[in-house]
Amino acid sequence: MIKKNSCKLFMLLAAILICGLVLISCSNDDESVTPADEVEALLQKMTLREKVGQMFYIRIESLDPSIEWTTYDDLAALKNQEITMKMRNTNEEYPVGGIILYAWNIEDEAQLGTIIPQIRSLKGHPLLCIDEEGGRVSRIANNPNFHVKKYESMAAIGATGDPKNAYECGNTIGCLQRQA
């Protein structure tokens, strides 16, 4: 029982490490970092409603109130691989802190390259998130439509005990660096 819980904890920590590395490792552009004064100025301009909205991370389908679904299979059938005008209109009234993309929202590199600017243009400056944990939940790393190095699983990366492997994996997946 202890070994099973330790394994789960290790995998959770590995997933958190990978997500953190993905968020910090993809940019060589120092100008993309917003100084604290600019953040404070932005917060001063935001209404309470906008500040509360920053705490919500949603899937893009949530921005279209006309979408009705019961199971994730229903969402997968819809795909939703772009931000529609209905989604934009909802976002104008209800800006959010983040948009989470799932497997059905991601087709390939070209489509992802199209939707990212659409998400960045939404009100509220939403952070883009992808449901990417490695192993069984791999939207990019083990997707045959993405030309990135493939990884067995995050557990296998963690089992190496080498943080450089976790960094390399997170950087490769997060930046979509093409295989040589």
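Here, residue 1 is the first one in the sequence, and each next residue gets the next number. We use all heavy atoms of the structure for the numbers below, so side chains are in, but hydrogens, waters and symmetry mates are not.
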Over all atoms of both residues, closest heavy-atom pair of Asn105 and Gln81: O-CG, 3.5 Å
Among Asn171, Thr172, Asn165, which one satisfies side chain to side chain donor-acceptor pair (under 3.5 Å) with Glu168? Thr172
Results of side chain to side chain donor-acceptor pair (under 3.5 Å) for Asp131 - residues two or more places apart only: Arg139
Salt bridge (charged side-chain N to carboxylate O under 4.0 Å, His left out) partners of residues 41-55, not counting sequence neighbours, each pair once: Glu50-Lys123
With salt bridge (charged side-chain N to carboxylate O under 4.0 Å, His left out) as the rule and sequence neighbours excluded, what pairs involving residues 54-68 come up? none
Under the ring pair (Phe, Tyr, Trp, His ring centres under 6.0 Å) rule, collect the residues that match up with Tyr102, sequence neighbours excluded. Trp104
Restricting to side chain to side chain contact (heavy atoms under 4.5 Å, CB included), what partner residues turn up for Ala156, sequence neighbours left out? Glu152, Ser153
So, using salt bridge (Lys or Arg N to Asp or Glu O under 4.0 Å) as the criterion, who are the partners of Glu107 when residues are at least two apart? Lys79
Nearest heavy-atom contact between Thr90 and Pro65 is OG1-CD, 3.4 Å
ring-ring contact (aromatic ring centres under 6.0 Å, His included) pairs touching residues 73-95, sequence neighbours excluded, are none
Which pair of heavy atoms, one from Gln118 and one from Thr114, lies closest together, and at what distance? CG-O, 3.5 Å
Residue list, side chain to side chain contact (heavy atoms under 4.5 Å, CB included) with Met85, at least two apart or on another chain: Arg88, Asn89
For Ile99 and Val96, work out which heavy atoms get closest and say how close. CD1-CG2, 3.8 Å
